[in-house]
Protein chains: 2
Amino acid sequence: MQIKYKEKDYTCSFEFVLDIVSGKWKGLVLWHLSKKTMRYNEIHKILGKITQKMLTQTLRDLEKHKLISRKVYPVIPPKVEYTITKNGQKLIPIFHQLSKWGDEMAEEYAEIKK
Amino acid sequence: MQIKYKEKDYTCSFEFVLDIVSGKWKGLVLWHLSKKTMRYNEIHKILGKITQKMLTQTLRDLEKHKLISRKVYPVIPPKVEYTITKNGQKLIPIFHQLSKWGDEMAEEYAEIKK
DNA sequence: CCGTATCCTATTAGATACTG
DNA sequence: CAGTATCTAATAGGATACGG
């Protein structure tokens, strides 16, 4: 199935999915948001080493693809909450499977640090 | 779970998985090899626009992570076959789920070309 | 047939400083 | 608090030529 979205063309839906979740931080952010709604700084702290630029970019990407939603409270100081959407939530069980597969692979490699 | 493999560190197995399957071609090559064992040129033709450099690099990466195996026949002209491993095959059903999810997303976006 | 070896461009990510 | 704006570094990917 050919997919066109936001000016980009994909030859199959799997390619489309990779574009949505690949990159250094997107999967991780989604994973954390699947547990609870979080504020910008909260995500920033839990990820530790991400720069503000990358975090903002990651959040915007996820929002663009409707995997998370952004709610701005008109208060001072600013308050912004990020929540996973239903579509985003549907990815999580699949992420768990991938993780499990990764664990099994790692055990076979026997170079694990627990 | 901390994973270290081939000089690289991963903070979780999901990150490890992304490293294994992300990139422009790896998922696609694995997908095709899940259907049948193929020769180098056969893969090259079916992918169409991949350069030899990228194809070789992709195959080496997949082999390094033991998702495919490489068999060289000592004949002239050379013959090399690539086969998906059991570990690689385990990924395929998960890929199908991701694909299905991508299709559903695409339908919601309603910018599809079938 | 199945690759390597260079060289080059494009994309992604990080560092740092600044702002409503 | 939640971001932008620049600048730079690192990595991924592509073009082309050549070799056993």
Side-chain angles (χ1 to χ4, degrees), chain A residues 5-11 15-16 18-30 32-33 36-65 68-83, chain B residues 5-11 15-30 32-33 37-65 68-83:
Chain A
Y5 184 64
K6 307 273 187 190
E7 306 308 316
K8 290 184 89 171
D9 289 291
Y10 303 93
T11 57
E15 194 185 321
F16 176 56
L18 267 189
D19 194 37
I20 288 178
V21 304
S22 71
K24 197 165 175 180
W25 303 105
K26 280 150 85 175
L28 207 52
V29 169
L30 208 56
H32 285 295
L33 288 179
K36 61 168 180 171
T37 291
M38 289 174 123
R39 294 179 65 173
Y40 184 90
N41 260 5
E42 212 177 344
I43 307 173
H44 198 188
K45 278 175 199 158
I46 212 171
L47 293 182
K49 291 174 186 170
I50 193 171
T51 60
Q52 288 188 311
K53 179 194 160 189
M54 285 313 297
L55 179 53
T56 301
Q57 196 173 298
T58 300
L59 291 167
R60 294 292 178 279
D61 271 8
L62 291 172
E63 193 191 1
K64 186 180 78 179
H65 288 114
I68 64 173
S69 65
R70 180 171 179 268
K71 180 169 187 181
V72 182
Y73 294 86
V75 294
I76 294 178
K79 177 177 173 181
V80 180
E81 281 182 349
Y82 293 92
T83 306
Chain B
Y5 184 64
K6 308 271 187 193
E7 307 307 316
K8 292 184 90 171
D9 290 291
Y10 304 92
T11 58
E15 195 184 319
F16 176 57
V17 173
L18 267 189
D19 194 37
I20 289 178
V21 304
S22 71
K24 196 165 175 179
W25 303 105
K26 279 149 85 176
L28 207 52
V29 168
L30 208 57
H32 284 296
L33 288 180
T37 292
M38 288 173 122
R39 294 180 63 175
Y40 184 91
N41 259 5
E42 213 177 343
I43 308 173
H44 199 188
K45 278 176 197 158
I46 211 171
L47 293 181
K49 289 173 187 170
I50 194 172
T51 60
Q52 286 190 310
K53 179 195 162 187
M54 286 312 298
L55 179 53
T56 300
Q57 195 173 298
T58 300
L59 291 167
R60 293 293 178 277
D61 272 8
L62 291 172
E63 194 191 0
K64 185 180 77 179
H65 288 114
I68 65 173
S69 65
R70 180 170 179 267
K71 180 168 188 182
V72 182
Y73 294 86
V75 294
I76 295 177
K79 176 178 174 181
V80 179
E81 281 183 348
Y82 293 92
T83 307

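First the proteins, then the strands, lettered A, B, ... as listed; each starts at 1.
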Can you check whether [X] reaches [Y] side chain to side chain, under 4.5 Å on heavy atoms?
{"X": "B/H32", "Y": "B/M38", "value": "yes"}
{"X": "A/K26", "Y": "A/I20", "value": "no"}
{"X": "A/I50", "Y": "A/L28", "value": "no"}

### Task
For the helix from C/dC1-D/dG20 to C/dG20-D/dC1, figure out the bend between the end axes, five pairs an end, and round to 10 degrees.
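Here the local axes at opposite ends form an angle of 50°.
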Does [X] make a side-chain N or O approach to OP1 or OP2 of [N] shorter than 4.0 Å?
{"X": "B/R39", "N": "C/dC1", "value": "no"}
{"X": "A/R70", "N": "D/dA2", "value": "no"}
{"X": "A/R60", "N": "D/dA2", "value": "no"}
{"X": "B/Y82", "N": "C/dG3", "value": "yes"}

Interatomic spacing from [atom1] in [X] to [atom2] in [Y] - rounded to 0.5 Å:
{"X": "B/D19", "Y": "B/Y10", "atom1": "CG", "atom2": "OH", "result": "3.5 Å"}
{"X": "B/L59", "Y": "B/L33", "atom1": "CG", "atom2": "CG", "result": "7.0 Å"}
{"X": "A/T58", "Y": "A/Y82", "atom1": "OG1", "atom2": "OH", "result": "10.5 Å"}

### Any pair counted as side-chain hydrogen bond (donor to acceptor under 3.5 Å, both in side chains), so long as it reaches residues 36-48 of chain A, sequence neighbours left out
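Counting only pairs at least two positions apart or across chains, the side-chain hydrogen bond (donor to acceptor under 3.5 Å, both in side chains) contacts touching residues 36-48 of chain A are A/K36-A/E42, A/T37-A/T83, A/Y40-A/T56.
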How close or far is atom [atom2] of [N] from atom [atom1] of [X], stated in whole angstroms?
{"X": "B/D19", "N": "D/dT11", "atom1": "CG", "atom2": "C1'", "value": "12 Å"}
{"X": "B/K45", "N": "C/dG3", "atom1": "NZ", "atom2": "C1'", "value": "15 Å"}
{"X": "B/H44", "N": "C/dC2", "atom1": "NE2", "atom2": "C1'", "value": "11 Å"}
{"X": "B/M38", "N": "C/dC2", "atom1": "CE", "atom2": "C1'", "value": "16 Å"}
{"X": "A/Y73", "N": "D/dG3", "atom1": "OH", "atom2": "C1'", "value": "18 Å"}
{"X": "B/I76", "N": "D/dG19", "atom1": "CD1", "atom2": "P", "value": "18 Å"}
{"X": "B/I20", "N": "D/dA12", "atom1": "CD1", "atom2": "P", "value": "14 Å"}
{"X": "B/L59", "N": "D/dG13", "atom1": "CG", "atom2": "P", "value": "14 Å"}

### Task
Scan A/P78 against the nucleic acid and name what it touches under 4.0 Å (heavy atoms): base, sugar-phosphate only, or nothing.
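Here A/P78 touches the bases of the nucleic acid.
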#### Entry: B/K49 to B/W25 - nearest heavy-atom pair and separation
C-CH2, 4.3 Å
### Query
Heavy-atom count around A/K71 NZ within 6.0 Å, excluding the residue itself: above 12?
no
Where do N or O atoms of nucleotides 14-16 of chain D meet protein N or O atoms at under 3.5 Å, pair by pair?
| from | atom 1 | to | atom 2 | distance (Å) |
| --- | --- | --- | --- | --- |
| D/dG14 | OP1 | B/K24 | NZ | 2.6 |
| D/dG14 | OP2 | B/W25 | NE1 | 3.4 |
| D/dG14 | N7 | B/K53 | NZ | 3.2 |
| D/dG14 | O6 | B/K53 | NZ | 2.2 |

